[in-house]
Protein chains: 2
Amino acid sequence: MARVSQEHLDARRRQILDGAAVCFARNGFHATSMQDVLKEVDLSAGAVYRYFSGKEELIAAIVGEVLGSVREAFEDAARQSPPPPPDELVVPVLGRTLAARENLTVDGRPAFPRLVIQVWTETLRNEELAALLREGYASVRAIWSRIVEAYQDAGMMRPDVAPDHVARTMIAAVMGFLVQHSLFGPIPVEVLRDGLRALMSMSDERTASHGSQLG
Amino acid sequence: MARVSQEHLDARRRQILDGAAVCFARNGFHATSMQDVLKEVDLSAGAVYRYFSGKEELIAAIVGEVLGSVREAFEDAARQSPPPPPDELVVPVLGRTLAARENLTVDGRPAFPRLVIQVWTETLRNEELAALLREGYASVRAIWSRIVEAYQDAGMMRPDVAPDHVARTMIAAVMGFLVQHSLFGPIPVEVLRDGLRALMSMSDERTASHGSQLG
DNA sequence: GAGCTTAAAACGAACGATCCTTCTTTTTAG
DNA sequence: CTAAAAAGAAGGATCGTTCGTTTTAAGCTC
């Protein structure tokens, strides 16, 4: 094809990104060869290298997309008003995250959660990508801290804990759930929701004095 | 050296494992070349291949050790009697995990948490290692479920949530904390402890009827 | 609108580099 | 002196990438 429509070019680029994403989710970035990718997307080297300057750029593009999707999932969930309690806040975050790129699968399982872990390891060796991750993390952390402050202001939560610490704890729970999802297969989101709900039911008797006027 | 003492053989094996672990924590298993490992441990190929049949076996050995250490950390913490509440249970788990292989560092930072993430990705592509991970996870999950049952039996936690769900949630929190530690640098364990403590202080008003007789 | 033109798009063989591993040689400890 | 341990050059395979060739589709001509 020559002098092809912009839509075709975009579709090709996406085709390559999707095929590469599947390969990377299956085997990781560096155990996946370019030949693997070429076979998966059913294109020749010449075709792929027209759209991406090399493997590095392909990886960077995918990492960027994945980080963006996760960040959006966290930020969108936090946009709800009024902010739902933690156990319910976690549902839309994971819902959106697990639904991301649902069309891409690795032996019948969604590829995206696997991709997330792979992306984490890649940020460990690529400072540029690490900076991107840090930026998104900082943003999410700040937004979620606001929600925690709301909990405290409403007397729903003891006020003597730094909101940031609670935010990081909640983010950790979501991350860990995502890991379990990747490593052990699909888990209903309700597992985490109910788990948090149960934790929330534990009256803390050691320093019980906080705003909630007990009925 | 010829006809060398058993201790020397053991020390060599450990030297190789430690050097390789640092390399793998830095760059991942498959972006690390054998030459990288050889340079790190300051040995020749002939020496290393006397102790390990190849890269694959080296990876498997390290993955096994890492999974074992993490599993021990989780199980040991659960052995405390009486079982501490979640926020305090989490402290020894992370303490032991973060202290594992503390002598190994990647540019000044502990290598072990990074290694954990790398291990996860490796289990995604190696069914044998995946089985090992599943086994350890199942064991930890069962043991932690017991602790949750104790919470419920003592009236500290609402009894209408499956203990396994709570166990998985707590494990998720620890895993996620570990991820944050790897990706963003050292975090005091108190962050997670206080975060959980705050969550535990949230009286769940929707279905408040559970055993704890509010004083 | 059929056929030709042409430049873009895709192909795929092949290159140098690097990979993991082997194997011969050298060194070393008992 | 001897056999184990370590060395390190080199083999074969595979890697990412390039580049000359072929195919294709949009535009032009008649």
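From a predicted model like this one, the values you see are computed outputs, not experimental measurements. Convention: sequence-line order gives letters A, B, ...; per-chain numbering from 1.
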Q | Minimum-distance nucleotide to B/Arg50 side chain [options: C/dA29, C/dC11, D/dA6] | A | D/dA6
Q | Within residues 13-29 of chain A, residues whose heavy atoms come under 4.0 Å of DNA chain C | A | none
Q.
Without decimals, in angstroms, what is the distance between A/Arg12 CZ and D/dA25 P?
A. 10 Å
Q.
Could you check whether any side-chain heavy atom of A/Phe112 comes within less than 4.5 Å of a side-chain heavy atom of A/Val70, counting everything from C-beta outward?
A. yes
Q.
Could you check whether A/Asp164 pairs with A/Arg168 (Lys NZ or Arg NE/NH1/NH2 to Asp/Glu carboxylate O, under 4.0 Å)?
A. yes
**Q.** Neighbours of DNA chain C within residues 56-63 of chain B, by heavy-atom distance under 4.0 Å
**A.** none
Q: Between B/Asp36 and A/Ser44, name the one whose nearest nucleotide on DNA chain C is closer to the 5' end.
A: A/Ser44
Q.
What is the separation between atom CG on A/Leu38 and atom C1' on D/dT14, rounded to the nearest whole Å?
A. 14 Å
Q) Side chain of B/Tyr49: nearest nucleotide among D/dT18, C/dC20, D/dA7? A) C/dC20
Q. Between A/Leu43 (CG) and D/dT24 (P), how many Å, whole number?
A. 14 Å
Q) For A/Glu7 and D/dA26, what is the distance between atoms CD and P respectively, to the nearest whole Å? A) 11 Å
Q) Quick one: B/His8 NE2 to C/dA29 P, roughly how many Å, whole number? A) 8 Å
Q: Name the nucleic acid region contacted by A/Tyr51, choosing base, sugar-phosphate or nothing; use a 4.0 angstrom heavy-atom cut-off, strictly under.
A: sugar-phosphate
Q | Value in whole Å for how far the P atom of D/dA26 lies from CD of A/Gln6 | A | 14 Å
Q) Is there a side-chain contact between A/Leu178 and A/Leu98 (heavy atoms, below 4.5 Å)? A) yes
Q: Indicate yes or no: at least one non-hydrogen side-chain atom of B/Arg197 is less than 4.5 angstrom from one of A/Arg158.
A: yes
Using a cut-off of under 3.5 Å, enumerate the N/O to N/O pairs linking the protein to nucleotides 13-16 of chain C.
none

Q | Pairing residues for A/Arg96 by the side chain to side chain donor-acceptor pair (under 3.5 Å) criterion, not counting sequence neighbours | A | A/Glu72, A/Asp76
Q.
What's the separation between atom SG in B/Cys23 and atom CG in B/Leu38, rounded to the nearest 0.5 Å?
A. 9.0 Å
Q. Among the nucleotides D/dA7, D/dG16, C/dC20, which one has an atom lying closest to any side-chain atom of B/Lys55?
A. C/dC20
Q.
Can you list everything that forms a side chain to side chain donor-acceptor pair (under 3.5 Å) with A/Ser44? Sequence neighbours excluded, please.
A. none
Q | For B/Ala130, side-chain contact (heavy atoms from CB on, under 4.5 Å) partners two or more places apart | A | B/Thr123, B/Glu127, B/Arg134
Q. For the pair made of CE in A/Met34 and P in C/dG12, what is the distance, rounded to whole Å?
A. 18 Å
Q: Could you tell me the separation between the CZ atom of A/Phe52 and the C1' atom of D/dT18, rounded to a whole number of Å?
A: 18 Å
Q: With heavy atoms under 4.0 Å as the rule, sort A/Ser5 into base, sugar-phosphate or nothing.
A: nothing
Q.
Can you classify the ring geometry of A/Phe29 versus A/Phe24 as parallel (below 30°), tilted (30 to 60°) or perpendicular (above 60°)?
A. tilted
**Q.** Nearest-neighbour nucleotide for the B/Ser33 side chain, C/dC20, C/dC11, D/dG16 considered
**A.** C/dC20
Q: Kindly indicate whether the side chain of B/Asp87, heavy atoms from C-beta on, has any atom under 4.5 Å from the side chain of B/Leu192.
A: no
Q. Roughly how far, to the nearest 0.5 Å, is CE of B/Met157 from CE of A/Met200?
A. 12.0 Å
Q. A/Pro86 and B/Leu199: which non-hydrogen atoms are nearest, and at how many Å?
A. CG-CD2, 3.7 Å
